[in-house]
Protein chains: 2
Amino acid sequence: MQQIKHRTNEARTAATRAALIGAARTLFVEKGYGETGTPEIVAAANVTRGALYHHFADKADLFRAVVTAEAAALAEAIDRATIPVAAPRTALIEGTGAYFAAMTVPGRARLLLLDGPAVLGPQTMAELDRSLGGATLRQGLAEAMRRVDPVELDALADCLSAAFDRAALAIAGGADPAPYCAAITRLIDATLRTGRP
Amino acid sequence: MQQIKHRTNEARTAATRAALIGAARTLFVEKGYGETGTPEIVAAANVTRGALYHHFADKADLFRAVVTAEAAALAEAIDRATIPVAAPRTALIEGTGAYFAAMTVPGRARLLLLDGPAVLGPQTMAELDRSLGGATLRQGLAEAMRRVDPVELDALADCLSAAFDRAALAIAGGADPAPYCAAITRLIDATLRTGRP
DNA sequence: TTGCATACATACAGCCTGTATGTTAATGAT
DNA sequence: ATCATTAACATACAGGCTGTATGTATGCAA
């Protein structure tokens with residue numbers, strides 16, 4: 001630990017930011033945003049509060065960085081698992097399966113579905129979702145239901161994703177995944193059936 | 001304001017509790033749970049912090065009282081609007097309409113759908129919902145879809161109510177209600193259609 | 001009326017947040 | 001290679017907030 005000579009500034013910044021985000025993620029998941037103090041975070045990251053407030057505007061800004069990283073990891077996991085498929089219905093089913101699988105990462109549901117919306121607001125979370133994960137669900141629905149008004153399709157995608165979120169949260173909370181998967185599959189199939197008479 | 005002689009203890013308690021819950025509700029809605037301090041609350045309620053901590057264990061306990069009252073008001077509004085109807089499909093559509101109408105009360109969506117779950121936890125909110133609003137949606141679904149496994153029906157009701165919640169939150173956030181109502185109606189009809197082949 | 005419990009009010013200790021200021025090391029220009 | 005500048009911290013401080021401990025007055029029951 002003594003050979004740390006001539007470290008470039010860029011590397012220093014990356015290291016401390018990563019340490020802070022990692023430690024903060026652990027504590028935010030364990031105790032929640034409100035119950036986690038910055039002294040605790042910097043102690044876990046082996047830095048001082050000065051470093052924290054040098055890299056982040058405030059505690060909420062650090063939390064935003066944690067949530068953004070988590071959303072990016074989620075999007076990447078889904079992208080990685082989603083192989084381009086022909087049938088739109090299959091794509092939707094597989095997509096939600098990938099979503100559920102990626103959502104089992106410990107703490108992810110709490111960060112993205114519980115504390116995130118409360119601390120950063122729903123519109124910030126929606127923008128984040130749009131900029132990263134993209135409108136995968138919306139596109140899948142659009143492809144499968146051509147005759148639906150695009151404005152209603154937006155709302156429909158929003159409501160369906162809320163249903164998926166609730167299922168993911170319930171599973172993360174210890175619920176049996178099977179009935180939720182069945183319910184979600186039923187919901188998708190039922191919705192698709194209304195798109196083409 | 002000087003004629004307050006010989007007030008019974010019960011009345012005093014009811015008055016201060018009501019003043020605290022009312023003031024807290026206003027501030028929690030305006031600024032959120034985390035950004036609202038107890039000094040602010042007691043100033044708005046014209047009491048001292050001593051009174052607050054005499055009637056409530058801590059700030060979260062006061063918040064719980066606010067959320068409980070809000071959930072009770074929501075349940076009562078829905079009960080009041082829901083006239084016993086014969087057709088189960090009509091009952092479901094009317095029920096969600098009553099839910100949306102009751103959810104337009106300013107601040108209600110934030111309290112019940114945003115800060116509530118984050119501060120009190122999803123299971124506490126679910127228990128609260130169960131003890132007050134009851135399983136209206138679940139019962140309606142069960143009546144319309146006899147052949148579905150009860151366990152899956154629970155999950156289905158949970159997911160559907162999440163979709164309703166998202167719609168209510170979006171509308172409370174300024175979104176156009178029309179497409180959301182259309183999407184929800186479509187979702188209900190599509191789901192019901194899967195219950196009876 | 002007298003003793004007790006309730007309903008507060010006040011004071012205090014500890015923690016946490018954000019900022020201001022100081023210090024060291026890297027970077028860019030000469 | 002040197003020097004000025006700036007980034008990357010570290011430390012110290014002020015203010016506010018939470019929860020508790022203690023004190024007081026009023027309703028209540030015997």
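Computation of the quantities below employed the complete heavy-atom set of this structure, encompassing side-chain atoms and omitting hydrogens, waters and symmetry-equivalent molecules. Numbered from 1 within each chain, the chains take letters A, B, ... in sequence-line order.
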**Q** Checking side chain to side chain contact (heavy atoms under 4.5 Å, CB included) between M103(B) and each of L169(B), I78(B), I171(B), L113(B), which is the one that passes?
**A** L113(B)

**Q** State, without any angle test, whether H55(B) and T13(B) hold a side-chain donor-acceptor pair at a distance under 3.5 Å.
**A**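 No pair is found: no donor N or O on one side chain lies under 3.5 Å from an acceptor on the other.
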
**Q** Counting only side-chain N and O atoms of T48(A), is one of them less than 4.0 Å from OP1 or OP2 of dC9(D)?
**A** no

**Q** Nearest whole Å is fine: how far is dC13(D) P from Y53(A) OH?
**A**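 Those two atoms, OH and P, are 18 Å apart.
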
**Q** Tell me: NE2 of H55(B) to P of dA7(C), nearest whole Å?
**A**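 It works out to 6 Å between those atoms.
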
**Q** Below 30° counts as parallel, above 60° as perpendicular, anything between as tilted: where do the rings of F164(A) and Y99(A) land?
**A** tilted

**Q** To the nearest Å, how far apart are K59(A) NZ and dT17(C) P?
**A** 5 Å

**Q** Rounded to the nearest angstrom, tell me the gap between atom OH in Y33(A) and atom C1' in dT17(C).
**A**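 Roughly 10 Å, once rounded to whole Å.
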
**Q** Please report, rounded to the nearest Å, how far the P atom of dC17(D) is from the CD atom of E35(B).
**A**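 About 11 Å, once rounded to whole Å.
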
**Q** Quick one: what's the B/S/- string for nucleotides 1-6 of chain D, heavy-atom cutoff under 4.0 Å, read 5' to 3'?
**A** ------

**Q** Taking the six-membered ring of Y33(B) (Phe, Tyr or Trp), confirm whether the NZ or CZ of K59(B) is under 6.0 Å from its centre and within 45° of its axis.
**A** yes

**Q** Send over the distance from L62(B) CG to dC17(D) C1', rounded to a whole Å.
**A**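 In whole Å, dC17(D) C1' and L62(B) CG are 15 Å from each other.
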
**Q** As a test of reading the structure: which of dC28(D), dG19(D), dC9(D) is closest to the side chain of A51(A), going by heavy atoms?
**A**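 Minimum distance to the A51(A) side chain belongs to dC9(D).
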
**Q** On a heavy-atom basis, which atom in T191(B) and which in L187(B) lie closest, and how many Å separate them?
**A** OG1-O, 2.7 Å

**Q** Reckon T13(B) has a side-chain N or O less than 4.0 Å from the OP1 or OP2 of dA7(C)?
**A** yes

**Q** If you assign H54(B) and D58(A) each to the DNA chain C nucleotide with the nearest heavy atom, which residue ends up on the more 5' nucleotide?
**A**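 Comparing both residues, the 5'-ward one is H54(B).
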
**Q** What's the CG-C1' distance between N46(B) and dC8(C), to the nearest Å?
**A** 15 Å

**Q** With distance as the sole criterion, do the side chain of R49(B) and the base of dG19(D) form a donor-acceptor contact below 3.5 Å?
**A** yes

**Q** Nearest-nucleotide wise, let me know which of R12(A) and G50(B) is further upstream toward the 5' end of DNA chain D.
**A** R12(A)

**Q** Separation of L20(B) atom CG from dC8(C) atom P, in whole Å?
**A** 9 Å

**Q** Applying salt bridge (charged side-chain N to carboxylate O under 4.0 Å, His left out), name anything that partners R80(B), two or more places apart in sequence or on another chain.
**A**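 In terms of salt bridge (charged side-chain N to carboxylate O under 4.0 Å, His left out), with neighbours along the sequence ignored, R80(B) is linked to E76(B).
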
**Q** According to a strict under-4.0 Å criterion, is T16(B) in side-chain N/O contact with OP1 or OP2 of dC8(C)?
**A**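 Yes, within the criterion.
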
**Q** Would you check if the side chain of R108(B) reaches a backbone N or O of A102(B) as a donor-acceptor pair within less than 3.5 Å?
**A**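 At least one qualifying donor-acceptor pair exists.
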
